[in-house]
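The structure appears below as C-alpha coordinates.
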Amino acid sequence: MSAMVGTLPDAFTNEFLSLTDHLPVSRLEEVYRIIQRTFQKPPKVIFSEFDPEPLASASIAQVHKARLRSTNQIVAVKVQHDGVDRIFLEDIETLTAVAEQVSYWAPDLDFRKFAEEWRESLPRELDFCHEHDALERAGKKLREAALERSSGRSLGSTMSFVVPWSRGIDLDFGTRGIDQTSGAHVFVMEFIDAGPILDLGKAWRAEFCAKHHIDKHRVLTELLHAFGIMAFKDGMFHADPHAGNVRLVVDPTAPGGAKPVLLDWGLIREITDAERLGLAKVFHSLANFDIAGLFDVLESLGFSLRQELVNDDLKRDLIEKARGVVKDTINRHKTRENAREELAEFKARLNRAKEDAGMEGSMSPIYFLEDWPRCIIFFMRMLQILRGLCVAVDAEGMPLLQIFSSHAREALQEGSRPAGRAVVGALLVFLKINMTRDLR
(Lines give C-alpha, C1' and ligand atoms only; values in the text may rest on other atoms or scores of the structure.)
Protein backbone atom coordinates (compact mmCIF):
# COMPACT_ATOMS: atom_id res chain seq x y z
CA MET A 1 0.00 0.00 0.00
CA SER A 2 2.88 2.40 0.73
CA ALA A 3 4.06 1.92 -2.87
CA MET A 4 0.73 3.03 -4.41
CA VAL A 5 1.97 6.61 -4.76
CA GLY A 6 -0.33 8.60 -7.00
CA THR A 7 -3.04 5.94 -6.85
CA LEU A 8 -3.85 6.52 -3.18
CA PRO A 9 -3.83 9.96 -1.53
CA ASP A 10 -0.39 11.01 -0.25
CA ALA A 11 -1.65 11.06 3.34
CA PHE A 12 -2.50 7.36 3.03
CA THR A 13 0.80 6.27 1.44
CA ASN A 14 2.83 8.33 3.94
CA GLU A 15 1.04 6.63 6.82
CA PHE A 16 1.50 3.18 5.32
CA LEU A 17 5.18 3.99 4.76
CA SER A 18 5.67 4.37 8.52
CA LEU A 19 4.60 0.73 8.89
CA THR A 20 7.67 -0.45 6.96
CA ASP A 21 10.29 0.57 9.54
CA HIS A 22 8.75 2.67 12.35
CA LEU A 23 6.55 0.21 14.24
CA PRO A 24 6.68 -0.25 18.04
CA VAL A 25 9.87 -1.96 19.21
CA SER A 26 10.46 -4.98 21.44
CA ARG A 27 12.04 -4.37 24.83
CA LEU A 28 15.81 -4.86 25.00
CA GLU A 29 15.38 -7.67 27.54
CA GLU A 30 13.25 -9.60 25.04
CA VAL A 31 15.83 -9.00 22.30
CA TYR A 32 18.64 -10.35 24.50
CA ARG A 33 16.57 -13.36 25.48
CA ILE A 34 15.88 -14.28 21.84
CA ILE A 35 19.58 -13.91 20.92
CA GLN A 36 20.63 -16.16 23.82
CA ARG A 37 17.96 -18.71 22.95
CA THR A 38 19.17 -18.79 19.34
CA PHE A 39 22.94 -18.95 19.84
CA GLN A 40 23.03 -20.53 23.33
CA LYS A 41 25.30 -17.73 24.52
CA PRO A 42 24.62 -14.43 26.30
CA PRO A 43 24.71 -11.44 23.93
CA LYS A 44 27.55 -9.87 25.94
CA VAL A 45 29.75 -12.85 25.04
CA ILE A 46 29.06 -12.40 21.32
CA PHE A 47 28.94 -8.60 21.14
CA SER A 48 31.23 -6.04 22.76
CA GLU A 49 28.74 -3.29 21.86
CA PHE A 50 25.01 -3.49 21.19
CA ASP A 51 22.98 -0.38 20.42
CA PRO A 52 19.80 -0.56 22.54
CA GLU A 53 17.93 1.65 20.05
CA PRO A 54 16.96 -0.30 16.92
CA LEU A 55 17.80 1.11 13.51
CA ALA A 56 14.36 0.09 12.29
CA SER A 57 11.38 -1.94 13.46
CA ALA A 58 8.79 -3.55 11.21
CA SER A 59 5.98 -6.05 11.70
CA ILE A 60 8.19 -9.15 11.96
CA ALA A 61 11.51 -7.95 13.37
CA GLN A 62 13.73 -5.08 14.39
CA VAL A 63 17.38 -4.42 13.52
CA HIS A 64 20.16 -3.35 15.89
CA LYS A 65 23.69 -2.16 15.23
CA ALA A 66 26.33 -4.10 17.17
CA ARG A 67 30.06 -4.85 17.31
CA LEU A 68 31.40 -8.40 17.40
CA ARG A 69 33.66 -9.21 20.31
CA SER A 70 35.65 -11.73 18.26
CA THR A 71 36.66 -9.51 15.32
CA ASN A 72 35.60 -5.97 16.29
CA GLN A 73 33.44 -5.93 13.14
CA ILE A 74 30.30 -3.79 13.10
CA VAL A 75 27.26 -5.84 12.12
CA ALA A 76 23.50 -5.58 11.80
CA VAL A 77 21.50 -7.91 14.05
CA LYS A 78 17.96 -8.71 12.95
CA VAL A 79 15.83 -10.04 15.82
CA GLN A 80 12.28 -11.31 15.42
CA HIS A 81 9.63 -9.95 17.77
CA ASP A 82 8.85 -12.61 20.36
CA GLY A 83 5.69 -14.57 19.50
CA VAL A 84 5.04 -12.79 16.21
CA ASP A 85 5.42 -16.03 14.24
CA ARG A 86 2.45 -17.55 16.06
CA ILE A 87 0.33 -14.44 15.48
CA PHE A 88 1.15 -14.30 11.76
CA LEU A 89 0.43 -17.98 11.22
CA GLU A 90 -2.92 -17.59 13.00
CA ASP A 91 -3.69 -14.59 10.80
CA ILE A 92 -2.97 -16.49 7.60
CA GLU A 93 -5.28 -19.30 8.71
CA THR A 94 -7.99 -16.70 9.25
CA LEU A 95 -7.31 -15.18 5.81
CA THR A 96 -7.54 -18.63 4.21
CA ALA A 97 -10.88 -19.30 5.90
CA VAL A 98 -12.24 -15.89 4.84
CA ALA A 99 -11.11 -16.51 1.25
CA GLU A 100 -12.97 -19.83 1.22
CA GLN A 101 -16.17 -18.21 2.45
CA VAL A 102 -15.96 -15.26 0.06
CA SER A 103 -15.38 -17.55 -2.93
CA TYR A 104 -18.49 -19.52 -1.97
CA TRP A 105 -20.83 -16.56 -1.53
CA ALA A 106 -19.26 -14.28 -4.19
CA PRO A 107 -17.46 -16.39 -6.82
CA ASP A 108 -16.49 -13.21 -8.68
CA LEU A 109 -14.24 -12.30 -5.75
CA ASP A 110 -12.30 -15.53 -5.45
CA PHE A 111 -8.91 -14.67 -3.94
CA ARG A 112 -8.06 -18.15 -2.64
CA LYS A 113 -4.90 -18.29 -4.76
CA PHE A 114 -3.63 -15.14 -3.07
CA ALA A 115 -4.27 -16.72 0.34
CA GLU A 116 -2.54 -19.93 -0.75
CA GLU A 117 0.50 -17.99 -1.98
CA TRP A 118 0.84 -16.14 1.33
CA ARG A 119 0.19 -19.31 3.30
CA GLU A 120 3.17 -20.99 1.62
CA SER A 121 5.52 -18.02 1.74
CA LEU A 122 4.88 -16.76 5.27
CA PRO A 123 6.51 -19.67 7.19
CA ARG A 124 9.67 -19.15 5.12
CA GLU A 125 9.62 -15.41 5.79
CA LEU A 126 9.37 -16.09 9.52
CA ASP A 127 12.41 -18.40 9.46
CA PHE A 128 15.57 -16.29 9.16
CA CYS A 129 17.59 -19.32 8.04
CA HIS A 130 15.65 -19.11 4.78
CA GLU A 131 16.37 -15.40 4.55
CA HIS A 132 20.07 -16.09 5.06
CA ASP A 133 20.07 -18.58 2.17
CA ALA A 134 18.14 -16.21 -0.09
CA LEU A 135 20.47 -13.30 0.65
CA GLU A 136 23.56 -15.42 -0.08
CA ARG A 137 22.08 -16.77 -3.31
CA ALA A 138 20.97 -13.36 -4.58
CA GLY A 139 24.25 -11.73 -3.61
CA LYS A 140 26.23 -14.41 -5.45
CA LYS A 141 24.11 -14.12 -8.60
CA LEU A 142 24.21 -10.33 -8.68
CA ARG A 143 27.98 -10.29 -8.15
CA GLU A 144 28.43 -12.81 -10.95
CA ALA A 145 26.27 -10.62 -13.17
CA ALA A 146 28.40 -7.62 -12.25
CA LEU A 147 31.54 -9.46 -13.43
CA GLU A 148 29.83 -10.28 -16.72
CA ARG A 149 28.75 -6.69 -17.12
CA SER A 150 32.25 -5.33 -16.38
CA SER A 151 33.71 -7.71 -18.97
CA GLY A 152 31.20 -6.53 -21.57
CA ARG A 153 29.48 -9.91 -21.86
CA SER A 154 26.18 -8.66 -20.53
CA LEU A 155 24.12 -5.51 -19.97
CA GLY A 156 25.35 -2.51 -18.00
CA SER A 157 28.77 -1.59 -16.71
CA THR A 158 29.76 -2.26 -13.10
CA MET A 159 28.45 -3.58 -9.80
CA SER A 160 26.17 -0.73 -8.81
CA PHE A 161 23.79 -2.25 -6.29
CA VAL A 162 24.51 -3.66 -2.84
CA VAL A 163 23.37 -6.82 -1.06
CA PRO A 164 24.65 -7.33 2.51
CA TRP A 165 27.05 -10.19 3.20
CA SER A 166 26.69 -12.68 6.02
CA ARG A 167 29.57 -14.86 4.82
CA GLY A 168 32.80 -14.36 6.73
CA ILE A 169 31.14 -13.05 9.89
CA ASP A 170 32.75 -14.83 12.86
CA LEU A 171 30.67 -15.10 16.03
CA ASP A 172 33.52 -17.09 17.63
CA PHE A 173 31.59 -20.31 18.26
CA GLY A 174 34.63 -22.48 17.64
CA THR A 175 33.03 -24.10 14.58
CA ARG A 176 35.21 -23.17 11.62
CA GLY A 177 33.55 -23.59 8.26
CA ILE A 178 30.07 -23.77 9.76
CA ASP A 179 27.74 -20.83 9.25
CA GLN A 180 26.49 -19.71 12.64
CA THR A 181 25.19 -16.28 11.69
CA SER A 182 21.51 -17.14 11.62
CA GLY A 183 18.81 -19.00 13.45
CA ALA A 184 15.08 -19.09 13.00
CA HIS A 185 14.64 -15.80 14.89
CA VAL A 186 18.02 -14.01 14.67
CA PHE A 187 20.18 -13.08 11.69
CA VAL A 188 23.61 -11.40 11.94
CA MET A 189 24.85 -9.77 8.73
CA GLU A 190 27.07 -7.05 7.34
CA PHE A 191 26.16 -3.54 8.50
CA ILE A 192 25.70 -1.05 5.68
CA ASP A 193 25.39 2.63 6.54
CA ALA A 194 22.66 3.57 4.08
CA GLY A 195 20.07 6.32 3.92
CA PRO A 196 16.47 6.39 2.68
CA ILE A 197 15.95 5.81 -1.06
CA LEU A 198 13.22 8.45 -0.86
CA ASP A 199 15.96 11.08 -0.42
CA LEU A 200 16.07 10.98 -4.23
CA GLY A 201 12.59 12.51 -4.44
CA LYS A 202 11.87 16.20 -4.89
CA ALA A 203 9.09 16.07 -2.33
CA TRP A 204 11.44 14.75 0.33
CA ARG A 205 14.82 16.49 0.01
CA ALA A 206 15.11 18.59 -3.12
CA GLU A 207 18.73 19.51 -2.49
CA PHE A 208 19.98 15.95 -1.88
CA CYS A 209 20.72 14.93 -5.48
CA ALA A 210 22.33 18.27 -6.31
CA LYS A 211 24.52 18.21 -3.21
CA HIS A 212 25.89 14.72 -3.93
CA HIS A 213 25.81 14.98 -7.74
CA ILE A 214 23.39 12.07 -7.99
CA ASP A 215 21.52 11.10 -11.15
CA LYS A 216 18.49 9.37 -9.68
CA HIS A 217 17.39 7.97 -13.03
CA ARG A 218 20.74 6.20 -13.42
CA VAL A 219 20.60 4.89 -9.85
CA LEU A 220 17.08 3.52 -10.33
CA THR A 221 18.07 2.05 -13.69
CA GLU A 222 20.67 -0.05 -11.88
CA LEU A 223 18.04 -1.13 -9.36
CA LEU A 224 15.71 -2.26 -12.15
CA HIS A 225 18.58 -4.14 -13.81
CA ALA A 226 19.13 -6.01 -10.54
CA PHE A 227 15.52 -7.18 -10.50
CA GLY A 228 15.67 -8.15 -14.16
CA ILE A 229 18.72 -10.28 -13.43
CA MET A 230 17.09 -11.94 -10.44
CA ALA A 231 13.81 -12.71 -12.18
CA PHE A 232 15.07 -13.92 -15.55
CA LYS A 233 18.63 -15.14 -14.93
CA ASP A 234 18.25 -16.79 -11.52
CA GLY A 235 14.56 -17.48 -10.99
CA MET A 236 14.47 -16.04 -7.47
CA PHE A 237 13.58 -12.44 -6.77
CA HIS A 238 13.00 -10.07 -3.86
CA ALA A 239 9.21 -9.73 -3.62
CA ASP A 240 8.97 -6.76 -1.25
CA PRO A 241 11.14 -3.87 -2.59
CA HIS A 242 9.33 -1.04 -0.81
CA ALA A 243 11.10 2.07 0.43
CA GLY A 244 11.87 0.49 3.81
CA ASN A 245 13.77 -2.39 2.17
CA VAL A 246 15.57 -0.39 -0.52
CA ARG A 247 18.13 2.03 0.88
CA LEU A 248 20.81 4.24 -0.68
CA VAL A 249 24.57 4.55 -0.30
CA VAL A 250 26.19 7.68 -1.72
CA ASP A 251 29.19 6.58 -3.80
CA PRO A 252 30.82 9.04 -6.24
CA THR A 253 32.44 6.13 -8.12
CA ALA A 254 29.11 4.41 -8.84
CA PRO A 255 27.01 5.06 -11.95
CA GLY A 256 24.70 7.90 -10.98
CA GLY A 257 26.72 8.73 -7.87
CA ALA A 258 24.98 6.27 -5.52
CA LYS A 259 24.15 2.59 -5.09
CA PRO A 260 20.77 1.13 -4.09
CA VAL A 261 20.96 -1.34 -1.19
CA LEU A 262 18.58 -4.32 -1.13
CA LEU A 263 17.67 -5.30 2.44
CA ASP A 264 15.27 -7.78 4.07
CA TRP A 265 15.29 -10.95 1.96
CA GLY A 266 12.55 -12.67 3.95
CA LEU A 267 9.84 -12.35 1.31
CA ILE A 268 11.23 -13.86 -1.87
CA ARG A 269 9.69 -15.91 -4.65
CA GLU A 270 11.34 -18.77 -6.48
CA ILE A 271 9.96 -19.72 -9.88
CA THR A 272 10.57 -22.85 -11.93
CA ASP A 273 12.52 -22.86 -15.17
CA ALA A 274 9.28 -23.16 -17.12
CA GLU A 275 7.84 -20.14 -15.27
CA ARG A 276 11.06 -18.12 -15.55
CA LEU A 277 11.37 -18.64 -19.29
CA GLY A 278 7.65 -18.29 -19.81
CA LEU A 279 7.68 -14.89 -18.09
CA ALA A 280 10.73 -13.97 -20.16
CA LYS A 281 8.76 -14.77 -23.30
CA VAL A 282 5.86 -12.65 -22.01
CA PHE A 283 8.18 -9.62 -21.77
CA HIS A 284 9.72 -10.34 -25.16
CA SER A 285 6.23 -10.47 -26.69
CA LEU A 286 5.11 -7.29 -24.94
CA ALA A 287 8.21 -5.43 -26.10
CA ASN A 288 7.59 -6.50 -29.70
CA PHE A 289 3.80 -6.16 -29.57
CA ASP A 290 3.55 -9.83 -30.55
CA ILE A 291 -0.10 -10.64 -29.83
CA ALA A 292 0.01 -14.24 -31.08
CA GLY A 293 3.24 -14.98 -29.23
CA LEU A 294 1.95 -13.42 -26.02
CA PHE A 295 -1.25 -15.44 -25.87
CA ASP A 296 0.56 -18.67 -26.78
CA VAL A 297 3.00 -18.30 -23.89
CA LEU A 298 0.28 -17.15 -21.48
CA GLU A 299 -1.56 -20.38 -22.21
CA SER A 300 1.62 -22.39 -21.58
CA LEU A 301 2.02 -20.62 -18.21
CA GLY A 302 -1.49 -21.59 -17.14
CA PHE A 303 -3.58 -18.58 -18.11
CA SER A 304 -7.01 -19.48 -19.45
CA LEU A 305 -9.35 -16.90 -21.02
CA ARG A 306 -13.11 -17.22 -20.91
CA GLN A 307 -13.73 -18.37 -24.47
CA GLU A 308 -17.11 -16.67 -24.75
CA LEU A 309 -15.35 -13.31 -24.37
CA VAL A 310 -12.34 -13.92 -26.62
CA ASN A 311 -12.08 -11.84 -29.79
CA ASP A 312 -9.43 -9.74 -31.50
CA ASP A 313 -10.58 -6.55 -29.78
CA LEU A 314 -10.25 -8.15 -26.34
CA LYS A 315 -6.76 -9.43 -27.17
CA ARG A 316 -5.59 -6.04 -28.37
CA ASP A 317 -7.10 -4.41 -25.29
CA LEU A 318 -5.37 -6.91 -22.98
CA ILE A 319 -1.95 -6.44 -24.54
CA GLU A 320 -2.37 -2.66 -24.25
CA LYS A 321 -3.27 -3.02 -20.58
CA ALA A 322 -0.36 -5.41 -20.01
CA ARG A 323 2.06 -2.97 -21.64
CA GLY A 324 0.53 -0.24 -19.49
CA VAL A 325 1.60 -2.08 -16.34
CA VAL A 326 5.25 -1.97 -17.41
CA LYS A 327 5.30 1.21 -19.50
CA ASP A 328 7.68 4.07 -18.69
CA THR A 329 6.94 5.64 -15.32
CA ILE A 330 4.97 8.86 -15.04
CA ASN A 331 4.58 11.44 -12.27
CA ARG A 332 2.20 11.00 -9.35
CA HIS A 333 -0.31 13.51 -10.76
CA LYS A 334 -0.65 11.58 -14.03
CA THR A 335 -0.70 8.30 -12.08
CA ARG A 336 -3.67 9.60 -10.08
CA GLU A 337 -5.45 10.67 -13.27
CA ASN A 338 -4.94 7.21 -14.78
CA ALA A 339 -6.30 5.56 -11.62
CA ARG A 340 -9.44 7.69 -11.83
CA GLU A 341 -9.90 6.79 -15.50
CA GLU A 342 -9.53 3.08 -14.73
CA LEU A 343 -12.09 3.33 -11.93
CA ALA A 344 -14.51 5.16 -14.22
CA GLU A 345 -13.99 2.48 -16.88
CA PHE A 346 -14.70 -0.24 -14.32
CA LYS A 347 -17.94 1.47 -13.21
CA ALA A 348 -19.02 1.94 -16.83
CA ARG A 349 -18.45 -1.76 -17.53
CA LEU A 350 -20.62 -2.73 -14.58
CA ASN A 351 -23.37 -0.35 -15.73
CA ARG A 352 -23.30 -1.81 -19.24
CA ALA A 353 -23.47 -5.30 -17.77
CA LYS A 354 -26.78 -4.51 -16.04
CA GLU A 355 -28.40 -4.42 -19.45
CA ASP A 356 -27.08 -7.71 -20.87
CA ALA A 357 -26.12 -9.56 -17.65
CA GLY A 358 -23.02 -10.92 -19.42
CA MET A 359 -19.69 -11.95 -17.93
CA GLU A 360 -18.55 -8.34 -18.07
CA GLY A 361 -20.91 -7.81 -15.15
CA SER A 362 -18.39 -9.55 -12.92
CA MET A 363 -17.05 -7.47 -10.04
CA SER A 364 -13.60 -8.96 -10.66
CA PRO A 365 -11.07 -6.78 -12.55
CA ILE A 366 -9.85 -9.99 -14.20
CA TYR A 367 -13.32 -11.12 -15.27
CA PHE A 368 -11.91 -12.28 -18.63
CA LEU A 369 -9.76 -15.00 -16.97
CA GLU A 370 -10.98 -18.48 -16.19
CA ASP A 371 -7.72 -19.50 -14.55
CA TRP A 372 -4.24 -18.09 -13.96
CA PRO A 373 -0.93 -19.25 -12.40
CA ARG A 374 0.05 -18.39 -8.85
CA CYS A 375 3.61 -17.50 -9.90
CA ILE A 376 2.27 -14.22 -11.29
CA ILE A 377 1.10 -12.94 -7.87
CA PHE A 378 4.44 -11.98 -6.33
CA PHE A 379 5.92 -11.16 -9.74
CA MET A 380 3.25 -8.52 -10.34
CA ARG A 381 3.58 -7.35 -6.75
CA MET A 382 7.31 -6.82 -7.28
CA LEU A 383 6.72 -4.86 -10.49
CA GLN A 384 4.04 -2.65 -8.97
CA ILE A 385 6.15 -1.83 -5.91
CA LEU A 386 9.17 -0.95 -8.07
CA ARG A 387 6.97 1.25 -10.21
CA GLY A 388 5.55 2.93 -7.11
CA LEU A 389 9.06 3.53 -5.81
CA CYS A 390 10.02 5.32 -9.04
CA VAL A 391 6.86 7.45 -8.88
CA ALA A 392 7.53 8.26 -5.20
CA VAL A 393 10.89 9.84 -6.04
CA ASP A 394 9.52 11.66 -9.12
CA ALA A 395 11.59 9.60 -11.54
CA GLU A 396 9.58 9.97 -14.74
CA GLY A 397 10.42 7.96 -17.84
CA MET A 398 11.97 4.93 -16.15
CA PRO A 399 11.90 2.27 -18.93
CA LEU A 400 10.64 -0.78 -17.02
CA LEU A 401 9.62 -2.73 -20.11
CA GLN A 402 12.85 -1.97 -21.94
CA ILE A 403 15.05 -3.04 -19.02
CA PHE A 404 13.11 -6.17 -18.11
CA SER A 405 12.69 -7.29 -21.73
CA SER A 406 16.44 -6.93 -22.32
CA HIS A 407 17.16 -9.41 -19.52
CA ALA A 408 14.30 -11.61 -20.71
CA ARG A 409 15.87 -11.72 -24.17
CA GLU A 410 19.26 -12.67 -22.72
CA ALA A 411 17.64 -15.40 -20.63
CA LEU A 412 15.96 -16.88 -23.69
CA GLN A 413 19.21 -16.73 -25.66
CA GLU A 414 21.30 -18.31 -22.91
CA GLY A 415 18.88 -21.18 -22.29
CA SER A 416 17.77 -22.72 -19.03
CA ARG A 417 19.56 -24.57 -16.31
CA PRO A 418 20.00 -28.30 -17.13
CA ALA A 419 16.67 -29.37 -15.64
CA GLY A 420 14.70 -27.16 -17.97
CA ARG A 421 16.46 -27.38 -21.34
CA ALA A 422 13.54 -29.11 -23.01
CA VAL A 423 11.30 -26.20 -22.05
CA VAL A 424 13.66 -23.52 -23.32
CA GLY A 425 14.27 -25.46 -26.52
CA ALA A 426 10.64 -25.12 -27.48
CA LEU A 427 10.59 -21.46 -26.48
CA LEU A 428 13.71 -20.67 -28.51
CA VAL A 429 12.26 -22.35 -31.58
CA PHE A 430 9.13 -20.26 -31.10
CA LEU A 431 11.25 -17.14 -30.66
CA LYS A 432 13.28 -17.88 -33.78
CA ILE A 433 10.15 -18.37 -35.87
CA ASN A 434 8.72 -15.05 -34.68
CA MET A 435 12.01 -13.20 -35.24
CA THR A 436 12.21 -14.62 -38.77
CA ARG A 437 8.62 -13.53 -39.38
CA ASP A 438 9.45 -10.02 -38.10
CA LEU A 439 12.47 -9.74 -40.39
CA ARG A 440 10.30 -10.51 -43.39
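Everything numeric in this text was worked out from a predicted model, so none of it was measured.
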Checklist entry - Passes side chain to side chain contact (heavy atoms under 4.5 Å, CB included), Phe111 versus Val98? Steps please. => result CA-CA 9 Å; Phe111 58 93; Val98 170; 4.3 Å; yes

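A salt bridge does not link Lys233 to Glu144: none of the charged nitrogens lies less than 4.0 Å from a carboxylate oxygen. The existence of a salt bridge linking Arg381 and Asp240 is confirmed by a sub-4.0 Å separation between a basic side-chain nitrogen and an acidic carboxylate oxygen. We find that Glu90 and Arg86 are joined by a salt bridge, their nearest charged nitrogen and carboxylate oxygen being less than 4.0 Å apart. Salt-bridge annotation for Lys334 and Glu337: present, with a side-chain N of the basic residue lying under 4.0 Å from a carboxylate O of the acidic one. The pair Arg137-Glu270 meets the salt-bridge criterion, with a side-chain N (NZ, NE, NH1 or NH2) lying under 4.0 Å from an Asp/Glu carboxylate O. Between Lys140 and Asp234, no side-chain nitrogen of the basic residue sits less than 4.0 Å from a carboxylate oxygen of the acidic one, so the salt-bridge criterion is not met. Ion pair Asp273/Arg276 flagged as a salt bridge, since at least one NZ, NE, NH1 or NH2 atom sits closer than 4.0 Å to an Asp/Glu carboxylate oxygen. Contact check on Arg316 versus Glu320 returns no salt bridge, with no Lys/Arg side-chain nitrogen under 4.0 Å from an Asp/Glu carboxylate oxygen.
Considering all non-hydrogen atoms of both residues, Ala322 and Leu286 come closest at CB-CD2, 3.7 Å. Here the closest heavy-atom approach between residue Cys209 and residue Lys216 is recorded as SG-CB, 4.4 Å.
The backbone N or O of Ala408 lies less than 3.5 Å from no partner atom in the side chain of Ser405, so there is not a single donor-acceptor pair.
In this structure, Glu396 and Asp328 have side chains that are not in contact, with every pair of non-hydrogen atoms separated by 4.5 Å or more. At a threshold of 4.5 Å between non-hydrogen side-chain atoms, the residues Pro164 and Phe191 do not count as touching. The shortest distance between side-chain heavy atoms of Leu223 and Leu220 falls below 4.5 Å.
Outside the 6.0 Å centre-distance limit, the rings of Trp265 and Phe237 are not counted as a close aromatic pair.
Figure legend: cation-pi geometry between Arg143 and Trp165, with NZ or CZ positioned under 6.0 Å from the six-membered ring centre and within 45° of its axis.
Below 30°, between 30° and 60°, or above 60°: for Phe379 and Phe232 the angle between ring planes is between 30° and 60°, a tilted geometry.
Partners of Asp251 under the side chain to side chain contact (heavy atoms under 4.5 Å, CB included) rule, at least two apart in sequence or in another chain, are Thr253, Ala254, Lys259. Judged as a side chain to side chain contact (heavy atoms under 4.5 Å, CB included), and not counting sequence neighbours, the contacts of Val63 are Leu55, Ala76, Lys78.
Shown here is Glu93, whose CD atom has more than 12 heavy atoms of other residues, nucleotides or ligands within 6.0 Å.
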